[in-house]
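Following: one structure in structure tokens, then a few remarks.
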Amino acid sequence: MPVSLGTVTASRLRDLPPTIFGQMSALAARTGAINLGQGFPDVDGPASVLAVAAEAVAGEQRANQYAPGIGIAPLREAIARHQERHYGLMLDPDTEVIATTGCTEAIAAALLGLVEPGDEVVVLEPYYDSYVAMLEVCGGIRRPVTLRAPDFRVDLDELRAAVGPRTRFVLLNTPHNPTGSVLNHQELSAIAELAVEHDLTVISDEVYEHLTFGRAHVPIATLPGMRERTLTLSSVGKSYSVTGWKIGWATGPAHLVEAALAAKQWLSYTSGSPLQPAVAYALDHEPAFPAELARDLAVRRTRLVDGLRALGLPTYDSDGTYFAMSDVGALGWRDGLEFCLDLPERAGVVAIPAQVFHDRRPDGVNPGAQLVRWAFCKSADVLDDALARLAAARLER
Ligand code: GLN
């Protein structure tokens with residue numbers, strides 16, 4: 001029986017702790033620490049794109065009133081062209097594309113629109129935090145498949161064991177936040193085969209699609225039998241360094257897109273009008289920007305990862321996203337949360353404890369207990385400053 005969304009939303013979301021990203025950014029602001037926690041770049045995206053937004057606000061266009069709920073046609077058409085150009089996926093911009101308020105709203109709309117109470121959802125753990133919140137609201141039941149250090153690969157046996165008679169969805173995230181893992185062909189094929197065999201719908205969060213380092217991102221929708229059962233989610237924020245714009249999208253077969261739209265209309269109703277033409281412009285006229293950003297980001301990734309390793313912090317390779325993970329156990333810390341809460345005072349730097357992206361287990365063992373996530377989407381100077389502060393501090397517990 002469907003639950004009453006109003007009541008369940010209020011009580012369940014109130015019971016969850018506030019999002020770690022906001023808490024750690026507030027801690028950075030309070031302490032004056034360098035914020036390598038919440039993932040946002042310190043340099044804005046292309047000037048030409050910013051200019052289109054400015055013109056749409058205050059120029060002749062004056063796109064300051066409500067856009068259609070599904071998004072303006074030029075944006076939906078540009079998103080369809082983007083999927084075709086990069087992945088050969090052909091979409092009808094009128095029925096198979098909607099604009100959302102960032103990928104976070106696309107996630108919420110997809111889950112609220114599709115998941116029924118009691119449905120089981122196979123999810124990669126560590127989870128992006130909003131997956132847990134939204135699945136709680138929907139009454140969806142998480143079936144985690146855990147990506148474990150040092151490689152953060154999908155264990156195919158664990159994956160197969162996670163699918164049962166009540167499984168209806170797979171919620172994917174690749175490139176994966178927070179591990180930096182990019183799913184490979186073998187992993188994607190195994191997921192696709194299971195989805196076809198068990199008639200599962202895949203909701204695929206690909207928000208870091210362009211930010212990979214030497215490994216190509218492959219949307220699962222391009223695998224055999226997957227286009228008709230995959231709702232793909234992404235946004236402009238990460239690819240074009242405008243995380244505060246909050247314009248994202250959901251693409252896929254009309255029945256899945258319609259379900260997401262049915263929920264989206266009660267969330268934001270419609271997404272930022274003046275930003276929509278600017279995002280369309282970015283996708284059509286600055287198609288090379290994300291690949292350039294990824295090349296540049298790869299250098300900064302290496303700078304931070306090498307720097308952390310030189311400080312005695314075992315840090316894992318990251319093939320994509322804004323993030324890399326360290327194991328603070330080598331410095332005597334059993335608890336990454338304790339490390340992160342202490343770090344601003346100790347060293348003037350903020351990082352994110354990855355343990356909060358894991359489920360509590362009956363045996364109390366959290367596979368992310370000692371893992372800490374660092375954002376490298378910052379200028380080289382900022383990364384160097386953070387590394388110098390860490391080097392000057394006593395990092396051992
Ligand atoms: N996606 C960003 C991160 O993982 C944060 C988004 C948010 O603050 N909700 O750091």
Side-chain angles (χ1 to χ4, degrees), residues 13 16-29 33-45 100-111 123-137 147 152 171-182 204-212 233-249 267-268 271 290 293-294 297 300-301 304 318-326 336-337 340 343 349-358 368 371-378 382-383 386:
L13 290 185
L16 288 172
T19 172
I20 190 75
F21 307 115
Q23 292 193 68
M24 296 311 277
S25 280
L27 181 62
I34 297 178
N35 189 357
L36 302 188
Q38 191 177 33
F40 59 93
D42 49 10
V43 175
D44 290 341
T100 58
T101 300
C103 194
T104 299
E105 190 195 41
I107 293 160
L111 296 177
V123 200
L124 300 182
E125 187 198 35
Y127 315 116
Y128 182 59
D129 66 351
S130 85
Y131 303 163
V132 175
M134 286 302 124
L135 287 172
E136 288 289 325
V137 172
L147 307 182
F152 302 113
L171 175 51
L172 275 191
N173 175 215
T174 181
H176 184 258
N177 176 7
T179 64
S181 191
V182 179
S204 189
D205 170 356
E206 303 183 2
V207 74
Y208 294 98
E209 60 187 321
H210 295 300
L211 305 184
T212 63
L233 317 177
S234 191
S235 93
V236 73
K238 311 296 192 297
S239 300
Y240 285 86
S241 298
V242 285
T243 60
W245 280 20
K246 303 298 295 175
I247 299 289
W249 49 85
L267 295 171
S268 60
S271 303
L293 173 62
L297 203 53
R300 288 181 274 149
R301 181 262 332 240
L304 182 68
S318 165
D319 292 327
T321 75
Y322 282 164
F323 310 113
M325 300 254 271
S326 294
L337 176 60
C340 288
L343 197 62
V349 178
V350 158
I352 299 278
Q355 63 181 248
V356 304
F357 306 130
H358 288 267
L371 299 182
V372 165
R373 190 195 83 173
W374 310 90
F376 50 75
C377 51
K378 305 292 179 187
V382 173
L383 297 178

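Indexing begins at 1, ligand by ligand and atom by atom, following the structure's order. For this chain, numbers begin at 1 and follow the sequence in order.
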Quick look: Asn177 vs ligand 1, heavy-atom contacts under 4.0 Å, and the answer is side chain
Please report whether the ring centroid of Tyr128 lies less than 6.0 Å from that of Phe21. yes
inquiry  = What I want to know is whether Thr19 and ligand 1 share at least one N or O pair that is separated by under 3.5 angstrom.
reply    = no
Here the atoms of ligand 1 under 4.0 Å from any heavy atom belonging to Gly39 are 3 (C), 10 (O)
Note to self: Do Lys238 and Phe40 form a cation-pi contact, if we require the NZ or CZ to be under 6.0 Å from the six-membered ring centre and within 45 degrees of the ring's axis?
What the structure shows: no
Backbone of Gly102 reached by a side-chain donor or acceptor of Ser235 within 3.5 Å
no
Hey, mind stepping through Leu343 and Val350 against side-chain contact (heavy atoms from CB on, under 4.5 Å) and telling me if it holds? CA-CA 6 Å; Leu343 197 62; Val350 158; over 6 Å; no
Quiz item: Would you call Tyr128 a ligand 1 contact, heavy-atom distance under 4.0 Å?
Solution: yes
Quick look: Lys238 vs ligand 1, heavy-atom contacts under 4.0 Å, and the answer is side chain
What do you reckon, does Phe357 put a non-hydrogen atom under 4.0 Å from ligand 1?
no
- request: Side-chain contact test, heavy atoms from C-beta onward, threshold under 4.5 Å: evaluate it for Leu111 versus Leu171 and give yes or no.
  value: yes
Quick note on ligand 1: atoms under 4.0 Å from a heavy atom of Arg373 include exactly 3 (C), 4 (O), 10 (O)
Per-atom filter on ligand 1: closer than 4.0 angstrom to a heavy atom of Tyr208 are 1 (N)
Exactly one candidate in His210, Glu209, Glu206 meets side chain to side chain donor-acceptor pair (under 3.5 Å) with Ser234; the answer is Glu209
If we number the atoms of ligand 1 from 1 as shown, the ones under 4.0 Å from a heavy atom of Gln38 are 5 (C), 7 (C), 8 (O), 10 (O)
Going by heavy atoms, is Phe323 under 4.0 Å from ligand 1? yes
- Can you tell me if Thr19 and Asp129 form a side-chain donor-acceptor pair at under 3.5 Å? yes
